[in-house]
Amino acid sequence: MTDAGKAQAGSVRVRFAPSPTGYLHVGGARTALFNWLFARKERGAMILRIEDTDAERNKPELLTGILEGLKWLGVDWDEGPYYQSERTELYQAAGKKLLANGSAFLCYCPPEKYVGGDHAEEGGEGTKVRRIVRCSCRDGKPSTPGTKPAVRFKVPVGGTTKFFDAVFGEREFSNEEIEDFVLLRSGKDGEEFGQAMYQMSVVADDIDMRITHVIRGADHISNTPKQVLLYRSLGAEPPIFAHVPLILGPDKSRLSKRHGATDVNMYKREGFLPEAFRNFLALLGWSPGGDEEFLRTSQLLEKFSLQGVSRTNGVFDRAKLEWFNTQYLQKLPIGDLLPEVEAQLKEDGLWKEEWAAGAGHGWFLKTVDLLRPRIRLLPDFSSWSRAFFSDEFAIDPAAKAKFWKDEKVPGLLAKLADALAALPEWNHDACDHAARKVAEEGGVKAGLLINATRVAIVGQAVAPPLFDTMVALGQERVVGRLRDALTEWK
RNA sequence: GCCGCUAUGGUGCAACGGUUAGCACGUAGCCCUUUCAAGGCUAAAAUACGGGUUCGAUUCCCGUUAGCGGUACCA
């Protein structure tokens with residue numbers, strides 16, 4: 001037994017096992033999340049295992065992104081990452097054990113003989129047909145001199161293989177449907193056998209790591225009987241399986257790049273809050289049973305159960321994800337939001353150290369709180385709200401066209417600037433009274449002046465309520481910006 | 001083709017034999033209003049189809065259809 005197997009005995013042990021052949025797909029992310037929630041809920045262990053046995057397709061550099069995505073999601077682990085590429089002896093030993101106890105056999109057939117393909121004669125044009133289920137080598141006879149054998153599992157003839165799935169219930173497959181699958185590839189050059197195949201390595205690892213619950217995508221359901229057969233032949237008890245339904249695109253086909261972003265790091269970059277994303281993802285294919293759906297991480301942890309996992313594939317609905325994000329932007333304790341905003345402003349070069357502590361921090365907190373009801377994504381803090389954090393901002397032509405079209409506007413703004421400059425106290429009500437007075441004296445509705453002023457001081461048609469905005473910006477900047485705005489008419 | 005899984009409004013989920021089939025997103029309208037959001041209210045919108053079982057089916061069984069998954073010396 002390796003190090004992996006020695007840790008805490010008894011309790012629940014789950015694993016997330018990505019393979020570095022791509023980025024962290026939202027489907028994989030959800031599988032990781034469910035494993036993590038289950039492990040934490042059950043006070044068990046979460047193990048991270050990298051399934052990199054396919055040297056051909058494996059790209060080590062992709063692992064960084066996968067780990068980054070997991071970190072962003074808040075999925076951590078107690079053991080690992082273990083790399084299957086470093087555990088090949090374990091799989092070789094398992095394969096040889098099966099060979100020795102008669103559960104497997106040496107196969108000398110050329111690989112092409114087995115590869116399924118288009119077989120027009122049997123099923124009609126372009127139909128895929130499986131060519132071979134039982135290999136003729138299984139009874140030990142034919143050895144082709146000079147060729148290196150692969151190790152195949154000797155699937156029982158007749159009978160069925162059953163397993164328990166916490167989501168789908170008791171399952172039973174006919175062994176006649178299971179082909180004599182490869183355990184160890186045929187060896188190259190000096191080696192006896194080549195790299196282990198997926199079925200061999202997962203089972204060997206899951207036994208060695210004493211995994212109690214295998215939570216993974218439903219695309220593995222039909223692999224499961226093969227694995228159960230391996231557990232038995234290796235003298236081990238199979239774990240409890242829990243297959244999670246797949247995530248689909250809007251057209252109900254399996255979610256892929258052509259549906260838009262499928263890499264979780266894309267959502268990170270777009271500026272979604274990790275907790276919002278997590279909440280959304282948790283509810284795609286799982287439900288606590290009732291109507292609640294705004295569930296913070298602590299509540300997810302409290303309510304998660306495999307019984308609540310759905311059996312139907314679900315469509316990834318970006319609109320709902322965005323809704324969750326705006327909800328979190330508004331409802332999160334401000335203290336939880338501030339670090340996210342700070343990171344965003346830093347990234348966009350707008351951050352000022354004075355906001356880190358003291359009075360500056362107080363201002364920062366109040367300003368973020370003022371802005372957040374209107375924010376959709378984190379980067380909006382530095383784009384849409386730029387005028388709050390920087391004096392360099394542009395005046396939106398469309399806003400100008402909409403709210404500066406009355407020719408009284410320049411005169412009104414000039415008077416307002418003077419009135420505001422004269423205020424001894426700078427607060428919401430003082431600004432409010434001053435503005436309404438200017439509007440009244442100018443013979444216009446307050447709204448006309450208010451809207452025009454908003455454009456002048458933040459450059460946009462949309463912003464938080466004007467007098468709150470004025471307080472946030474401060475007297476000096478507001479007056480200055482009003483006067484600067486007048487130059488727009490010259 | 002074969003094997004398997006699934007089937008509640010456009011979408012995500014509730015209802016685990018008895019409800020006027022509930023909630024949320026989205027959509028439409030109204031209210032609020034200082035812009036835009038948010039918020040409040042209202043509306044349209046579903047048990048895929050056909051057979052059973054049952055006093056009674058969204059719920060249990062069978063079939064059909066559809067979607068998805070698998071069918072590799074990929075994972």
Side-chain angles (χ1 to χ4, degrees), chain A residues 17-19 21-22 51-54 56-58 84 107 109-112 114-117 119 122-124 126-131 133 148-152 168 171 173-174 176-179 181-186 193-199 201-202 217-223 225 243 245-246 248 250-254 280 283-294 308 310-324 326-327 330 372-376 384 399 402-403 432 435 445-451 453-455 458 460-467:
Chain A
S19 83
T21 51
E51 309 213 319
D52 54 354
T53 51
D54 185 355
E56 307 274 304
R57 303 195 310 156
N58 181 31
Q84 288 195 325
C107 171
C109 300
E112 314 83 70
Y114 275 89
V115 175
H119 228 198
E122 292 177 51
T127 315
K128 266 199 161 184
V129 164
R130 176 166 50 203
R131 293 190 175 162
V133 175
K148 293 250 188 182
V151 177
R152 282 184 189 274
F168 291 88
R171 293 292 130 185
F173 285 78
S174 166
E176 296 308 315
E177 295 301 324
I178 306 171
E179 76 279 12
F181 53 99
V182 173
L183 263 18
L184 301 179
R185 294 173 168 92
S186 49
F193 299 116
Q195 271 284 0
M197 292 286 286
Y198 170 72
Q199 314 290 359
S201 52
V202 256
D219 49 341
H220 284 290
I221 289 178
S222 44
N223 282 328
H243 289 100
L246 269 17
L248 312 176
D251 63 354
K252 304 286 185 83
S253 71
R254 201 170 170 168
F280 167 74
L283 257 27
L284 219 195
W286 173 77
S287 159
D291 285 338
E292 321 147 81
E293 60 176 0
F294 190 80
S310 161
R311 285 155 303 159
T312 65
N313 295 169
V315 173
F316 186 91
D317 183 1
R318 189 187 159 99
K320 187 138 189 184
L321 168 61
E322 291 182 356
W323 176 79
F324 268 112
T326 57
Q327 290 299 305
Q330 288 179 58
R372 63 163 161 172
R374 264 152 272 255
I375 299 291
R376 290 193 71 76
W384 185 83
K402 187 174 180 189
F403 291 125
D432 191 332
K445 285 191 293 184
L448 177 77
L449 176 60
I450 286 169
N451 290 331
T453 303
R454 180 180 303 106
V455 176
V458 301
Q460 303 173 153
V462 177
L466 186 71
F467 305 117

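A note on names: the letters A, B, ... follow the listed sequences, proteins ahead of strands, and every chain is numbered from 1.
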Distance check: side-chain N/O of [X] vs OP1/OP2 of [N], anything under 4.0 Å?
| X | N | answer |
| --- | --- | --- |
| A:R454 | B:C36 | no |
| A:R152 | B:C73 | yes |
| A:R171 | B:C5 | yes |
| A:S287 | B:A14 | yes |
| A:Q327 | B:G39 | yes |
| A:K148 | B:C73 | no |
| A:R318 | B:G12 | no |

Notebook entry, point to check: Reading RNA chain B 5' to 3', what string of ( ), [ ], | and . shows its pairs, if Watson-Crick and G-U wobble pairs count only when both distances fall under 3.5 Å?
Noted result: (((((((..((((....[...)))).(((((.......)))))....(((((..]....))))))))))))....

[atom1]-based separation of [M] from [N] [nearest Å]:
| N | M | atom1 | value |
| --- | --- | --- | --- |
| B:A45 | B:A28 | C1' | 12 Å |
| B:U6 | B:A38 | P | 38 Å |
| B:U8 | B:U58 | P | 14 Å |
| B:A24 | B:A14 | P | 16 Å |
| B:A48 | B:U35 | C1' | 47 Å |
| B:G1 | B:A57 | P | 35 Å |
| B:A43 | B:U54 | P | 40 Å |
| B:U47 | B:A7 | C1' | 10 Å |

Margin query: Looking at the base of B:A75, is there any donor atom on it, or on the side chain of A:N223, that sits under 3.5 Å from an acceptor on the other one?
Written below: yes

Base, sugar-phosphate or nothing for [X]? Non-hydrogen atoms, less than 4.0 Å.
| X | answer |
| --- | --- |
| A:R311 | sugar-phosphate |
| A:F467 | base |
| A:H243 | nothing |

Item checked: Minimum-distance nucleotide (side-chain atoms of A:T312 versus B:A7, B:G69, B:C25) -> B:A7

Next item on the list: Taking only the side-chain heavy atoms of A:L284 (C-beta and beyond), determine which of B:C25, B:U34, B:C13 contains the nearest atom.
Entry: B:C13

Item checked: Contact pattern, 5' to 3', of nucleotides 18-23 of chain B - B, S or - by protein heavy atom under 4.0 Å -> ----BS

Notebook entry, point to check: By salt bridge (charged side-chain N to carboxylate O under 4.0 Å, His left out), which residues pair with A:D291, not counting sequence neighbours?
Noted result: none

Note to self: Is it true that, when you exclude A:R374 itself, more than 12 heavy atoms of the residues, nucleotides or ligands shown sit nearer than 6.0 Å to its CZ?
What the structure shows: yes

Notebook entry, point to check: Are the side chains of A:K320 and A:E293 in touch, meaning some heavy atoms are under 4.5 Å apart?
Noted result: yes

